[in-house]
Each structure stands twice: as C-alpha cells, then as structure tokens.
K.L.:
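Got a structure for you, written out below as structure tokens; questions coming shortly.
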Amino acid sequence: MHIEDLQLKNYRNYEKLDAQFENKVNVILGENAQGKTNVMESIFVLAMAKSHRTANDKELIRWDEDYAKIEGRIVKTHGSLPMQLVISKKGKRAKYNHIEQRRLSQYVGNMNVVMFAPEDLHLVKGSPQVRRRFIDMEIGQVSPVYLHDISQYQKILQQRNHYLKQLQTKQQTDQTMLDILTEQFIQMGAKIVMKRFEFLHLLEQWALPIHKGISRGLETLKIDYKPSADVSENQNLSKMVEVYEEKFAKIKKREIERGVTMFGPHRDDLQFIVNGRDVQTFGSQGQQRTTALSVKLAEIELINKEIGEYPILLLDDVLSELDDYRQSHLLNTIQGKVQTFVTTTSVDGIDHQTLKDAAAYRVESGVMARIQ
Ligand SMILES: Nc1ncnc2c1ncn2[C@@H]1O[C@H](COP(=O)(O)OP(=O)(O)OP(=O)(O)O)[C@@H](O)[C@H]1O
Ligand SMILES: [Mg+2]
C-alpha cells in the first residue's frame with residue numbers, strides 16, 4: 001500500500017500542509033527543527049491513532065490551537081481510501097472511508113506503517129517498557145481483536161491495582177471483589193500472552209534469515225518472550241489460566257501488602273539473543289543495530305504476509321546512523337516494493353541509486369515543498 005497525499009492542519013509546527021507523494025522513495029530534506037520528524041510522525045499517527053514519540057496527544061496540536069487534523073489517501077491493490085484523524089483537547093475522532101469509527105481499534109490497521117527511528121535502537125538496549133510497547137503496537141496493526149483486548153486489560157489492571165491499594169490501606173476489607181478482578185485479569189492476560197508468543201514466533205522466523213544476511217552469515221538471531229510468571233509457549237490457554245490462578249492464589253497476601261499487581265503481561269519482557277548470548281547485555285553496538293534493523297525488516301515482511309500488502313516504511317534519521325553495508329542492505333531490500341519516507345539533513349555520503357531516483361522535498365519552518 002502507499003499514501004498518495006497528505007493534508008495537515010494545525011499539526012505541530014505545520015499550520016497547513018498539502019503534499020503529494022510518490023509510490024517509491026520520498027526523501028525529506030531540511031535543517032534541524034524544521035519539521036521533518038513531524039511529517040513522519042503525522043503519517044504514523046494517521047495509521048496508528050497515536051504517536052511513536054509521545055503518549056500525550058495534546059502535544060500534537062499546534063500551540064495555541066484547539067485541534068489538529070491529519071488526512072490522507074491510502075492506495076491499496078483493491079482501491080484507494082481516505083483516512084482522517086482529528087485530535088482535539090477532548091479526544092480523537094477517526095474516519096475511514098468518510099465513515100466515523102466509534103472504536104479506534106476498528107480504525108487502526110486499515111493503514112500499515114513501520115517506523116524506524118534512532119529511538120528504535122533502544123528496542124534492544126532500552127527498558128522492558130519500550131519492548132512491550134513495540135510488541136503491542138505491532139500486533140495491534142494486524143489484529144484489531146488484540147488492540148481491543150489490550151485496552152480491556154489495562155482497564156482491569158487499573159481497577160485491580162486500585163482495589164489492592166484500598167485493601168492495603170484498609171479502606172476495604174472484603175476480598176470478594178479482588179477475586180473477581182483477579183479472574184478477569186487472568187482470562188484477559190492469558191489471551192494476550194498467547195498472542196504475544198505466537199507473534200514473536202512469526203517475527204523470529206522472518207528476522208532470522210534477514211539477520212543472517214546482514215551479518216554475512218555469521219550471526220544467528222533468536223527472539224524469546226520472557227514472561228513474569230511461569231507460563232510457556234507450549235501451554236494452551238486453559239493450562240496458562242491454571243498456572244496464573246495458582247500463582248495469584250500464592251501471592252495474594254503479598255500483593256495486598258504491596259498494593260500492586262505483581263505479575264502479568266504488563267511485567268513481561270522480550271529478549272534478543274545473538275549466537276546464544278543476550279544482545280542487550282553482551283551485544284556490540286553493531287550487533288544491536290543489526291538486530292534492530294533485522295526486526296524492522298522482518299516486521300515489513302510479516303505485515304505483508306498477514307495483510308497481503310507491504311506497509312509504508314518511515315525511516316526517520318536512521319540512514320546516516322547505519323554504515324554503508326547496512327544502508328545498502330536496507331535500500332536494496334525495500335527497492336521497488338515498499339513506499340518509503342526518508343528524512344535527513346543531507347544526502348551527502350548516501351551513495352545509492354535508490355536515493356538518486358527518489359522524489360525529494362525540502363522542509364523549512366513547517367513548510368514543505370517538492371524539489372525533485
Ligand atoms: N505542538 C507544537 N506546536 C508548534 N510547534 C511544535 C509543536 N511541537 C513541536 N513543535 C516544533 O516543531 C519543530 C520541528 O520539529 P521536528 O522534530 O519535526 O524537527 P526535525 O526537522 O525533525 O529536526 P531534527 O533534524 O533535529 O530531527 C520544533 O522546533 C518544535 O519546537
Ligand atoms: Mg527529526
């Protein structure tokens with residue numbers, strides 16, 4: 001799929017933008033702080049209904065304005081469809097094909113994007129939270145049910161934590177409500193963990209050969225899910241529920257003492273392993289980069305497999321972060337099949353035919369114009 005045009009109104013430092021894009025590589029050039037990342041982010045937000053940079057939607061609205069609007073036309077094999085997202089101080093409104101979508105989980109997934117920004121190097125190095133966010137976003141793109149489940153899970157978790165706090169401070173003494181919440185929490189949590197196991201398994205299948213290719217056959221990548229409780233990939237849903245039930249019965253007293261939910265998907269992590277060793281702890285800078293790049297390229301293939309269309313690739317400031325070999329590996333892979341947006345302050349030092357044939361735009365203080 002590709003995005004044919006994009007309109008912005010009061011989005012970050014854009015008062016107004018109306019741009020046409022090519023179904024190939026689009027290079028966005030500009031000095032620092034002019035609005036390159038903002039354009040990339042707006043395409044991401046149009047697809048995901050949330051930013052990759054902030055959890056606070058209000059930041060996306062241009063200062064001193066009431067709302068921000070993003071619109072774009074997405075072209076797929078079977079026709080083209082308009083998407084629209086309005087972000088106001090009261091919340092978000094999403095339209096797909098001119099029809100308002102009451103649930104964002106129904107809206108997200110109609111347009112697929114893969115973002116690769118310098119922060120993604122944190123995917124390996126950063127906190128477990130970064131990896132959980134990654135896995136939730138990616139599964140959400142291909143599974144509306146999962147998005148729905150995750151938001152239900154968050155609500156139950158909040159309620160459960162709230163109730164545990166009340167028991168801890170003795171504002172409540174009756175544990176019946178806790179038991180009900182625990183059961184709901186376990187049912188939803190087990191569903192989520194099952195889906196995460198399944199997704200990581202697929203992701204690993206794609207990432208392994210890609211990683212081998214980039215490392216010239218020297219490295220073998222494994223991706224492991226690290227659950228906080230003793231559940232495993234070999235268990236079916238009812239077995240997993242049983243394991244959680246035992247666990248939560250055992251730790252009930254401790255949870256009340258601490259006033260917080262101690263186990264579950266919100267405490268899980270994932271681990272990248274190269275040649276048998278954890279990349280986060282033992283990987284070189286280069287191995288971490290290769291891992292992040294392999295995972296992103298694997299995502300592209302996985303989305304294509306699940307959806308039947310390649311996603312739109314957003315490369316914000318990363319080309320210059322990769323050495324020549326990884327750069328050309330990336331550009332060779334996407335060439336001719338993935339609509340790609342590349343931001344950079346300068347194309348000097350990026351010597352690849354794909355960029356010479358690309359459409360080019362220049363951004364200056366929130367104004368973008370086509371230059372090639
Ligand atoms: N809500 C907002 N309203 C108005 N301006 C904003 C808002 N949020 C951010 N900006 C401004 O947008 C400008 C451009 O930001 P952006 O991150 O897109 O720059 P960039 O071109 O990617 O720069 P760099 O090369 O440093 O990454 C910043 O100067 C920032 O102050
Ligand atoms: Mg930027």
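Start at 1 and go down the list; that is how both ligands and their atoms are numbered. This structure is a prediction, so every number in the text was calculated from the model and none was measured.
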K.L.:
Assess the side chains of Y310 and Q339: does a donor N or O sit below 3.5 Å from an acceptor N or O?
P.N.:
no
K.L.:
Test the R196-Y225 pair against the cation-pi criterion, namely NZ or CZ under 6.0 angstrom from the six-membered ring centroid and within 45° of the ring axis.
P.N.:
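No, cation not above the ring by the 6.0 Å, 45° rule.
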K.L.:
Could you walk me through whether Y107 and Y96 pass ring pair (Phe, Tyr, Trp, His ring centres under 6.0 Å), step by step?
P.N.:
CA-CA 7 Å; Y107 171 84; Y96 173 67; 7.1 Å; no
K.L.:
To which of T37, T344, D316 does the heavy atom nearest atom 22 (O) of ligand 1 belong?
P.N.:
T37
K.L.:
So, for Y244 and F263, is the gap between ring centers shorter than 6.0 Å?
P.N.:
no
K.L.:
When you measure from atom 12 (O) of ligand 1 to every protein heavy atom, which one gives the shortest distance, and what is it?
P.N.:
N38 ND2, 3.1 Å
K.L.:
Just need the protein heavy atom nearest to atom 17 (O) of ligand 1, so name the residue and atom and give the distance.
P.N.:
R53 NH1, 3.3 Å
K.L.:
Does G30 come within less than 4.0 Å of ligand 1, judged by its heavy atoms?
P.N.:
no
K.L.:
Could you tell me whether D179 and K252 make a salt bridge, using a distance below 4.0 angstrom between a side-chain N and a carboxylate O?
P.N.:
yes
K.L.:
Give the atoms of ligand 1, by number and element, whose distance to some non-hydrogen atom of E31 is under 4.0 Å.
P.N.:
21 (O)
K.L.:
What about the rings of Y146 and F199, do their centers lie closer together than 6.0 Å?
P.N.:
no
K.L.:
What is the closest protein heavy atom to atom 11 (C) of ligand 1, and at what distance does it sit?
P.N.:
N13 CB, 3.9 Å
K.L.:
Does the distance from a Lys or Arg side-chain N to an Asp or Glu carboxylate O, for D357 and K24, drop under 4.0 Å?
P.N.:
no
K.L.:
Among all protein heavy atoms, pick the one closest to atom 3 (N) of ligand 1 and tell me residue, atom and distance.
P.N.:
W63 N, 3.1 Å
K.L.:
Pairs of nitrogen or oxygen atoms closer than 3.5 Å, one from L60 and one from ligand 1: do any exist?
P.N.:
no
K.L.:
Which ligand 1 atoms are under 4.0 Å away from a heavy-atom of I61?
P.N.:
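Per the distance check, 1 (N), 2 (C).
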K.L.:
In terms of residue, atom name and distance, what is the protein heavy atom nearest to atom 26 (O) of ligand 1?
P.N.:
N32 ND2, 3.2 Å
K.L.:
How about R93: does its CZ atom have over 12 heavy atoms from other parts shown lying under 6.0 Å from it?
P.N.:
no
K.L.:
Taking both backbone and side-chain atoms of T345, is any N or O found less than 3.5 Å from an N or O belonging to ligand 1?
P.N.:
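N/O-N/O distance below 3.5 Å does not exist for this pair.
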K.L.:
Does at least one non-hydrogen atom of E364 fall below 4.0 angstrom from an atom of ligand 1?
P.N.:
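So E364 does not count as touching ligand 1.
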K.L.:
Any N/O/S atom, side chain or main chain, of T343 closer to the Mg ion (ligand 2) than 2.8 Å?
P.N.:
no
K.L.:
Could you tell me whether the side chains of Y67 and N10 share a donor-acceptor contact shorter than 3.5 Å?
P.N.:
no
K.L.:
Looking only at protein heavy atoms, which one is nearest to atom 28 (C) of ligand 1, and how far off is it?
P.N.:
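It is A33 O, 4.0 Å.
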K.L.:
Looking only at atom types and distance, does a side-chain atom of R267 sit under 3.5 Å from a main-chain N or O of S228, one as donor and one as acceptor?
P.N.:
no
K.L.:
For atom 27 (O) of ligand 1, which of the options L29, D317, V363 provides the nearest non-hydrogen atom?
P.N.:
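Answer by nearest heavy atom: D317.
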K.L.:
For ligand 1, is any non-hydrogen atom under 4.0 Å from E41's backbone (N, CA, C, O), its side chain (CB onward), both, or neither?
P.N.:
neither
